[in-house]
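Taking it in order: structure first as structure tokens, then the write-up.
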Amino acid sequence: MPESERRFGRRLIMKVPLRFRPMQAPADPEQEAASMNICNHGVYFATDQRVPQGLMIQVHLKMPREVVGDDVAEWCFTGRVAHVESLGATNDKLGVGVPRISL
């Protein structure tokens, strides 16, 4: 099944600053990144950090009104990295997809 058919929520292409860290290393400093697209079921973001597929991470971001329908809300959720891909041949950035497991 194509990935686009598995999505349940409206996905918006927008850049929202976020912070993330591995769940196994809560003492490690949070890494900063920016979303590329976002919905109430997860986030796809760009980072220059190596993030392995399957890693459980905690994500903090301010969820925009266009996604949640209310005032901007600070979200902290846990998710497992579903996919990681290079964002270009000359770019060191990686695209990371994380569906939300818990809020």
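- Met36 and Val43 are not part of a single hydrophobic cluster, where members link through side-chain heavy atoms under 4.5 Å apart.
- Side-chain contact check for Phe45 versus Asn37: every heavy-atom pair is 4.5 Å or farther apart.
- The shortest side-chain heavy-atom distance between Cys76 and Gln58 falls under the 4.5 Å cut-off.
- Annotation: the span from Lys93 atom NZ to Gln49 atom CD amounts to 9.0 Å, rounded to 0.5 Å.
- Residues His60 and Glu74 meet the side-chain proximity criterion, which asks for heavy atoms closer than 4.5 Å.
- Side chains of Leu55 and Arg80 form no contact here, defined as non-hydrogen atoms less than 4.5 Å apart.
- Within the 4.5 Å cutoff, side-chain heavy atoms of Met56 are placed close to those of Ile101.
- Between His83 and Tyr44, a ring centre-to-centre spacing shorter than 6.0 Å is recorded.
- Closest heavy-atom contact between Leu87 and Ala46: CD1-CB, 3.7 Å.
- Residues Leu61 and Ile38 meet the side-chain proximity criterion, which asks for heavy atoms closer than 4.5 Å.
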**OP:** Would you please test Phe20 and Val98 for side chain to side chain contact (heavy atoms under 4.5 Å, CB included) and show each step?
**Re:** CA-CA 11 Å; Phe20 70 94; Val98 182; over 6 Å; no

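- Considering CD of Gln53 and CD of Glu85, their distance stands at 10.0 Å, rounded to 0.5 Å.
- Here the CZ-CD1 distance, from Arg19 to Ile57, works out to 12.5 Å after rounding to the nearest 0.5 Å.
- Residues Ser35 and Leu18 approach most closely at N-CD2, 3.9 Å, considering heavy atoms.
- Scanning all heavy atoms of the two residues, the minimum distance from Arg100 to Trp75 falls at NE-CZ3, 3.8 Å.
- With contacts defined as side-chain heavy-atom distances shorter than 4.5 Å, the pair Leu94/Arg50 qualifies.
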